[in-house]
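Worksheet: one structure, shown below.
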Protein chains: 2
Amino acid sequence: MYGVRVSSSKRPRLQRHDVVEAAVALADEVGIDALSMRTLAQRLDVVPMALYKHVANKDELLDAMVDHVVGEIEPAGPDENWRHGIRSRILSSRAALLRHPWAPGLIETRTQASPVVLDHMEAIAASFRAGGFSVDLTHRAMHAIGSRMWGFTQEVFPTQQPAQDETARDQQFGEWMKRYPRIVEMATEIGGGGGCDAHEEFEFALDLILDGLERIHRESARADG
Amino acid sequence: MYGVRVSSSKRPRLQRHDVVEAAVALADEVGIDALSMRTLAQRLDVVPMALYKHVANKDELLDAMVDHVVGEIEPAGPDENWRHGIRSRILSSRAALLRHPWAPGLIETRTQASPVVLDHMEAIAASFRAGGFSVDLTHRAMHAIGSRMWGFTQEVFPTQQPAQDETARDQQFGEWMKRYPRIVEMATEIGGGGGCDAHEEFEFALDLILDGLERIHRESARADG
DNA sequence: ACCTGAACACCGTTCAAGT
DNA sequence: ACCTGAACACCGTTCAAGT
């Protein structure tokens with residue numbers, strides 16, 4: 001009571017896993033920009049330098065965070081159909097990454113691929129190959145899927161924050177109508193809300209690419225046979 | 001002589017444009033991470049605070065840098081064919097962005113779209129609409145293209161740096177062969193070099209998407225007629 | 001041998017004191 | 001009115017001094 005903390009000697013020794021887990025949780029709460037070695041240490045009730053026992057530097061911590069998130073992907077069981085297998089793996093990847101909005105940005109900036117990341121890519125490539133894709137077409141297919149293999153796409157539509165007072169807002173809208181009519185009609189298209197179902201858009205684009213790949217694969221198979 | 005500088009009063013007054021241009025050049029040279037308000041000020045032979053006369057803060061500077069790069073895109077003339085028009089605009093966008101490797105990452109992280117950015121998107125959307133695409137299909141098409149509308153794709157293949165000594169490298173390669181056979185065969189596929197033609201891959205994926213859109217568009221037009 | 005506080009070399013930005 | 005140096009509140013990380 002009186003807010004007196006339990007003796008710190010009672011606290012179990014910090015493990016690398018605890019550090020990474022806390023970092024992921026903190027990033028979820030406050031965003032990746034607010035995650036510093038110092039704020040993380042504070043959260044763990046530890047001196048900043050103590051973290052360096054478990055990670056060589058911040059970059060290694062970020063790598064470990066990516067691994068942690070990618071590790072949450074539930075691998076779908078093997079599927080006879082290459083397309084179903086890849087599709088469900090990607091959607092499961094999407095589900096995992098959606099829980100950690102900062103993860104896509106981190107995956108993109110990592111320079112060294114970790115084993116966990118490579119496992120995911122290997123699994124997708126193996127599905128294509130098992131489906132009869134040539135090495136070359138598999139390679140192209142991986143590029144075509146790109147970051148969508150992680151279940152995210154770069155959001156291209158800006159989140160414009162509306163002006164404060166009503167007249168300024170009307171005026172701004174009028175200007176947009178004149179200069180960006182095609183963007184405005186898209187933004188206002190759906191139920192007037194302007195928001196769009198990101199998941200539906202994701203599946204549409206994914207299927208568009210898989211359709212294309214399937215077609216090319218079929219044609220090249222016919223040409224060979 | 002003797003390294004004595006010309007009186008600083010001779011230096012023409014700094015303009016916003018100079019600041020942005022110098023920032024772009026500096027980022028090209030030393031990378032975006034090494035670009036700080038302080039290093040930029042030093043490059044311009046000016047006290048850091050002088051920059052704040054021309055940009056409100058660093059974020060606004062980054063916005064301006066994006067605008068500068070996007071402004072380098074040569075808009076292709078209007079094209080009868082929606083597909084040719086969009087394709088050439090995207091390839092011209094790619095050419096501009098390739099000169100500034102840091103630009104994609106910056107475009108992705110900007111939260112507010114600038115007029116220059118919106119102009120680019122508007123032009124592409126307008127091409128779809130002029131080609132007879134419905135508002136809804138245009139919307140989906142924009143999402144499907146995603147960041148490819150700027151001419152870049154997230155690089156998904158890791159740049160693994162090989163081990164130092166030869167035996168360690170052989171051993172590492174052996175492990176990879178066992179664990180990531182599909183990735184290894186893709187990496188070694190082309191001429192043994194392992195490098196792939198990024199531009200060819202880009203065009204392949206772009207055409208894959210445009211093919212798909214063209215097909216859907218044709219089918220929906222037939223259904224309507 | 002282990003731990004850690006102070007210190008270093010940076011950031012972006014504020015602000016008051018100078019001209 | 002304009003400019004700017006010092007200062008503030010942060011960073012990631014080093015390192016030597018403490019136990």
Side-chain angles (χ1 to χ4, degrees), chain A residues 5-27 29-68 102 105-106 109-112, chain B residues 5-27 29-68 102 105-106 109-112:
Chain A
R5 234 193 278 113
V6 183
S7 158
S8 68
S9 69
K10 285 286 182 60
R11 162 158 53 74
R13 273 262 294 287
L14 206 61
Q15 298 297 123
R16 185 178 217 264
H17 181 262
D18 304 324
V19 173
V20 176
E21 204 167 49
V24 167
L26 193 54
E29 285 174 45
V30 302
I32 195 74
D33 285 341
L35 174 80
S36 71
M37 296 301 273
R38 286 163 135 103
T39 58
L40 178 58
Q42 198 172 14
R43 163 68 64 107
L44 286 165
D45 197 21
V46 129
V47 82
M49 279 317 295
L51 301 176
Y52 287 83
K53 279 255 122 176
H54 305 98
V55 289
N57 47 43
K58 191 177 184 183
D59 225 53
E60 197 186 291
L61 173 67
L62 297 178
D63 282 340
M65 289 170 70
V66 167
D67 271 16
H68 186 99
W102 44 267
L106 224 51
T109 52
R110 297 298 89 195
T111 48
Q112 290 277 328
Chain B
R5 234 192 278 110
V6 184
S7 158
S8 68
S9 67
K10 286 285 182 63
R11 164 157 50 75
R13 272 264 291 289
L14 207 61
Q15 298 297 124
R16 184 177 215 266
H17 180 263
D18 303 324
V19 173
V20 176
E21 203 167 47
V24 168
L26 193 54
E29 283 174 44
V30 301
I32 196 73
D33 285 341
L35 175 80
S36 72
M37 296 301 273
R38 286 164 135 103
T39 57
L40 178 58
Q42 198 171 14
R43 163 68 63 106
L44 285 165
D45 196 21
V46 132
V47 82
M49 280 315 296
L51 302 176
Y52 287 83
K53 280 256 123 179
H54 305 98
V55 289
N57 48 43
K58 191 179 184 181
D59 226 52
E60 198 186 290
L61 174 66
L62 297 178
D63 282 339
M65 288 168 71
V66 168
D67 272 16
H68 186 98
W102 44 268
L106 224 50
T109 53
R110 297 299 87 196
T111 49
Q112 290 278 328

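Within every chain, numbering begins at 1; the chains are lettered A, B, ... in the order of the sequence lines, protein sequences first and strands thereafter. Predicted model only: the values in this text are computed from it and were never measured.
- Separation of atoms CG (A/Asp63) and CD (A/Gln112) is listed at 8.0 Å; rounding is to 0.5 Å.
- D/dA7 atom P lies 15 Å from atom CE of B/Met49, rounded to whole Å.
- With a 3.5 Å ceiling on both atom-pair distances, the Watson-Crick or G-U wobble partner of C/dG5 is D/dC15.
- Using a 4.5 Å cut-off on side-chain heavy atoms (C-beta onward), B/Thr39 and B/Val30 make no contact.
- Taken from CG in B/Leu35 to CZ in B/Arg43, the straight-line distance is 10.0 Å, to the nearest 0.5 Å.
- At a threshold of 4.5 Å between non-hydrogen side-chain atoms, the residues A/Pro48 and A/Arg38 count as touching.
- Within a heavy-atom distance below 4.0 Å of DNA chain C, the residues of residues 53-67 of chain B found are B/Asn57, B/Lys58.
- Between the P atoms of C/dC8 and D/dG18, the separation comes to 16 Å (whole Å).
- Between the CD atom of A/Gln42 and the C1' atom of D/dC11 there is a distance of 14 Å, given to the nearest Å.
- Note on B/Glu21 versus B/Arg16: no salt bridge recorded, every NZ/NE/NH1/NH2 to OD/OE distance being 4.0 Å or above.
- The stretch residues 29-41 of chain A touches DNA chain D through A/Ser36, A/Met37, A/Arg38, A/Thr39, each having a heavy atom within less than 4.0 Å of the strand.
- Atoms OH (B/Tyr52) and C1' (D/dC8) sit 13 Å apart, rounded to a whole Å.
- In this structure, C/dC10 makes no Watson-Crick or G-U wobble pair, since no nucleotide meets both defining distances under 3.5 angstrom.
- Between B/Leu44 and B/Leu51, some side-chain heavy-atom pair lies under the 4.5 Å cut-off.
- In this structure, B/His68 contributes its side chain and B/Val24 its backbone to no donor-acceptor pair below 3.5 Å.
- Going from atom CG of B/Asp45 over to atom P of D/dT4 covers 11 Å, rounded to whole Å.
- No side-chain heavy atom of A/His54 sits less than 4.5 Å from a side-chain heavy atom of A/Asp18.
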